[in-house]
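Okay, structure first, notes after.
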Amino acid sequence: MPRFSPASARASSRRDARGAPPARPIWLTTLADLALLLVGFFVLLQANQVDPNTLAAGFRAGFGAKENAPVMPVDLAAVNGFAPGSAQLPDAGAALAWARVAAADPRTRLRIIGEVDGSAGDVDLLTGSGPILAADRARAVAAMLVRSGAVAPGRIAIATARGQRRAVLSLGYDGGRQ
């Protein structure tokens, strides 16, 4: 009967199905893993030194998207009264009436900034994320404006911020002459 030893167990575990030793030494795999971790670390260091605006511009250029110049804001309105942790629209009749009048000029654009107050209770219930709830609030207001026909979808931009439990509507002048 063959004797069992730890050395023979290690040697047999390193053989493939045909009983042949592996094609490359095991330490080579560990070295490759270490090298990839080192490369990832240096990429992370380099990425933290890049200006985020420059990085975003590079992404836009790489995907062929043109950069939209910020429009000059000329008027504001707000939808206040969102419940903590909710994107359910409160009474937004005043904002709807404002948007119908303000967006009558085709040279204007509407930017809707969804906000959260930053408290632990004012987050998305599914993800626990404040920015997602802020985006949901802005999308709810945008959907209401589009459904009512006050503003075309192509003239609306959505952003998020921390501030109060509200959505701020900013009317901007896009330029051009009639």
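Residues take their numbers from the sequence shown, with the count starting at 1.
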Show the nearest heavy-atom pair for residues Pro90 and Asn80, with the distance to one decimal. CG-O, 3.1 Å

Residue pair Pro153 / Val146, side-chain heavy-atom distance below 4.5 Å: yes

Within the structure provided, determine whether Leu37 and Phe41 are in side-chain contact (heavy-atom separation under 4.5 Å). no

Considering non-hydrogen atoms only, spot the tightest contact between Val116 and Gly130 and give its length. CG1-O, 3.4 Å

Looking at every heavy atom in both Gly85 and Leu125, which two are closest together, and how far apart are they? O-CG, 3.9 Å

Name all pairs fulfilling the side chain to side chain donor-acceptor pair (under 3.5 Å) condition that reach into residues 157-170, sequence neighbours left out, sorted by first residue then second. Glu115-Arg166, Asp117-Arg165

Closest non-hydrogen contact found for Ala103 with Ala150 is CB-O, 4.1 Å

Taken to the nearest 0.5 Å, the spacing of Leu126 CG from Ile132 CD1 works out to 9.0 Å

Backbone of Thr108 reached by a side-chain donor or acceptor of Asp105 within 3.5 Å: no

If I compare all heavy atoms of Leu171 with all of Trp98, which pair ends up nearest, and what's the gap? CB-CH2, 3.8 Å

Asp122 and Arg137 ion-paired at < 4.0 Å: yes

Work out which heavy atom in Ala140 is nearest to a heavy atom in Ala87; give both atom names and the distance. CB-O, 3.7 Å

Would you call Leu169 and Leu110 a side-chain contact if the rule is heavy atoms closer than 4.5 Å? yes

Indicate, with yes or no, if Leu38 and Leu44 share a hydrophobic cluster defined by side-chain heavy-atom contacts under 4.5 Å among Ile, Leu, Val, Met, Phe, Trp and Tyr. no

Give the cluster check for Leu145 versus Val101: same hydrophobic cluster or not, with ILVMFWY residues linked at side-chain heavy-atom distances below 4.5 Å. no

Between Val168 and Val74, is there a shared hydrophobic cluster once you connect ILVMFWY residues whose side-chain heavy atoms come closer than 4.5 Å? no

Side chain to side chain contact (heavy atoms under 4.5 Å, CB included) between Val123 and Ser129: does it pass, once the steps are laid out? CA-CA 5 Å; Val123 294; Ser129 170; 5.9 Å; no

Not counting sequence neighbours, which residues clear salt bridge (Lys or Arg N to Asp or Glu O under 4.0 Å) with Asp136? List them please. Arg139

Measure the shortest side-chain to side-chain distance between Val79 and Asp91 over non-hydrogen atoms and say whether it is less than 4.5 angstrom. no

Before you tell me yes or no, could you show the steps for Ile158 and Val141 under side chain to side chain contact (heavy atoms under 4.5 Å, CB included), namely the whole-Å CA-CA distance, both residues' side-chain angles and the distance that decides it to 0.1 Å? CA-CA 10 Å; Ile158 292 177; Val141 172; over 6 Å; no

Main-chain N/O of Ala83 paired with Ser86 side-chain donor or acceptor, under 3.5 Å: no

Hey, what do you get for CZ (Arg111) to CD1 (Ile156), rounding to the nearest 0.5 Å? 13.5 Å

So Phe82 and Gln88, side chain to side chain contact (heavy atoms under 4.5 Å, CB included) or not? Walk me through it. CA-CA 7 Å; Phe82 283 96; Gln88 181 75 29; 6.0 Å; no

